[in-house]
Amino acid sequence: SKKKGLSFEEKRVRMMEIFFETKDVFQLKDIEKIAPKEKGITSMSVKEILQSLVDDGMVDTDRIGTSNYFWAFPSKALHARKHKLEELESQFAESSQKKEALQKSIEKAKIGREDTAERAALMEELAALRQKKVQLKAEIDKYRECDPDVIEEMRQTNKVAKEAANRWTDNIFSIKSWAKRKFGFEESRIDKSFGIPEDFDYID
C-alpha cells in the first residue's frame, strides 16, 4: 500500500528536531538538503514549513550579507511554551472569575423567585388579572361609540368631510357649466364622459 504523507504539523515537528538535535545555524539551502534525507520532508515544502515556524516565533532568522540564516534552541522553545502556559492559565483564571460572578448574579436573581406554593398562587392570580384586563378593555372598546367625546369627535369629523365634499361638488358643477358654455356640450354627455352619476348633488 502507498505510504501516507506527513501532515503539515508533523513536518513542523520534524523540522524543529533538525534545529534541536544539531543546535546549529542553517541557510535555507542546507535545510532543503537535510530535511528530505533525515526527516522525510520534501524539499519543495521546506520553505513553507520553515516560514510558518518563523512566523510563530519558534525559529529565529537573520540576514547576514546576502544570506538568510535560521536557528532555534530548545531553551527558547521551552521559554515560549512556558509563556504560553502562563497566558492560558491567566485566561483560565479570568474565565473562572467571570463564571463565579455570573453564578452569584444568577443566585441573587433567584431570591424571591423560589418555586413556593405562595409564588405559584400569586403568579396564577397575576395571570387571571391580566386576562380580566384584556376582557375589560374589549368591553370598553365595545361601548366606546357611546362615549359623548367620541360622538362629538365623529360629528366634527363628519362636518368637515361634508363641507369638503360639497366644495368639490360645487367645483364640478362650475366645470360642467363652463364646459357647456365653452364647447356647447350637453350635460348628459359630460356626465357620461367623466362618470358622473345622474343623481350627483350636494350632501344635505
Side-chain angles (χ1 to χ4, degrees), residues 1-138 140-141:
S1 61
K2 190 176 180 181
K3 188 177 178 182
K4 185 182 176 183
L6 297 172
S7 69
F8 190 79
E9 193 55 41
E10 286 172 332
K11 290 177 182 178
R12 281 164 54 94
V13 171
R14 292 194 181 195
M15 187 167 290
M16 289 304 296
E17 289 174 356
I18 295 173
F19 291 105
F20 290 165
E21 289 168 0
T22 62
K23 298 182 180 63
D24 205 347
V25 178
F26 301 96
Q27 288 183 268
L28 176 61
K29 62 182 180 180
D30 299 325
I31 302 173
E32 285 176 336
K33 289 178 184 176
I34 297 168
K37 190 160 112 178
E38 296 187 12
K39 299 297 178 181
I41 303 170
T42 58
S43 57
M44 289 179 64
S45 65
V46 166
K47 188 174 182 180
E48 181 188 4
I49 301 297
L50 185 58
Q51 188 59 51
S52 76
L53 294 171
V54 171
D55 292 341
D56 289 348
M58 296 173 69
V59 172
D60 291 314
T61 183
D62 197 7
R63 188 174 185 84
I64 302 173
T66 57
S67 301
N68 289 323
Y69 292 86
F70 302 89
W71 68 93
F73 300 118
S75 57
K76 182 184 178 182
L78 180 63
H79 178 73
R81 287 194 183 93
K82 186 179 178 183
H83 178 72
K84 186 66 177 177
L85 180 62
E86 288 173 353
E87 187 180 321
L88 289 171
E89 285 176 343
S90 175
Q91 289 175 1
F92 178 75
E94 187 179 342
S95 298
S96 296
Q97 286 179 351
K98 285 182 180 178
K99 180 185 174 184
E100 188 177 343
L102 284 171
Q103 194 63 44
K104 285 180 180 178
S105 297
I106 291 168
E107 294 302 324
K108 187 177 179 181
K110 283 181 179 179
I111 297 172
R113 298 186 184 184
E114 295 83 358
D115 292 329
T116 61
E118 183 183 1
R119 185 172 185 272
L122 287 171
M123 291 299 290
E124 191 175 335
E125 184 180 351
L126 177 61
L129 288 171
R130 281 176 175 166
Q131 183 62 32
K132 187 69 177 174
K133 179 185 175 184
V134 172
Q135 291 173 353
L136 289 171
K137 189 176 183 303
I140 290 169
D141 289 342

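All of these numbers come straight from a predicted model, not from anything done at the bench.
One finds the CD atom of Q51 at 10.0 Å from the CD atom of E48 (value rounded to the nearest 0.5 Å). To the nearest 0.5 Å, the span separating CE on M58 from CZ on F19 amounts to 10.5 Å. The line from CD1 of I18 to NZ of K39 is 6.5 Å long, rounded to the nearest 0.5 Å. Taken to the nearest 0.5 Å, the CG atom of L102 stands 12.0 Å off from the CD atom of Q97. Between E38 atom CD and M15 atom CE the span is 12.0 Å, to the nearest 0.5 Å. The line from CZ of F26 to CD of E32 is 13.0 Å long, rounded to the nearest 0.5 Å.
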Exercise. Show your working on salt bridge (charged side-chain N to carboxylate O under 4.0 Å, His left out) between E94 and K98 and close with a plain yes or no.
Key: CA-CA 6 Å; E94 187 179 342; K98 285 182 180 178; 3.8 Å; yes
Practice problem: Take N68 and L28, measure what side chain to side chain contact (heavy atoms under 4.5 Å, CB included) needs, and give me the verdict at the end. | Solution: CA-CA 7 Å; N68 289 323; L28 176 61; over 6 Å; no
Self-check item: salt bridge (charged side-chain N to carboxylate O under 4.0 Å, His left out) between R12 and E9, intermediate numbers included
Solution: CA-CA 5 Å; R12 281 164 54 94; E9 193 55 41; 3.4 Å; yes
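Between E10 and I41, every side-chain heavy-atom pair lies at or beyond the 4.5 Å cut-off. Residues L126 and R130 form a side-chain contact, since some pair of their non-hydrogen atoms from C-beta on lies under 4.5 Å apart.
Within 6.0 Å of CD in E124 there are 12 or fewer heavy atoms belonging to other residues, nucleotides or ligands. Counting non-hydrogen atoms of neighbouring residues, nucleotides and ligands closer than 6.0 angstrom, the CZ atom of F8 exceeds 12 such neighbours. Within 6.0 Å of CD on Q91 lie more than 12 heavy atoms contributed by other residues, nucleotides or ligands.
Minimum interatomic distance between Y69 and W71 (heavy atoms only, all atoms of both residues): O-CZ3, 3.7 Å. The shortest heavy-atom contact between S43 and P36 is N-CG, 3.7 Å.
Remark: the backbone N or O of I49 is paired with a side-chain donor or acceptor of S52 at under 3.5 angstrom. Side-chain N or O atoms of D56 include none that pairs as donor or acceptor with a backbone N or O of L53 at under 3.5 Å.
In this structure, F70 has no ring-ring contact (aromatic ring centres under 6.0 Å, His included) partners at least two apart in sequence or on a different chain.
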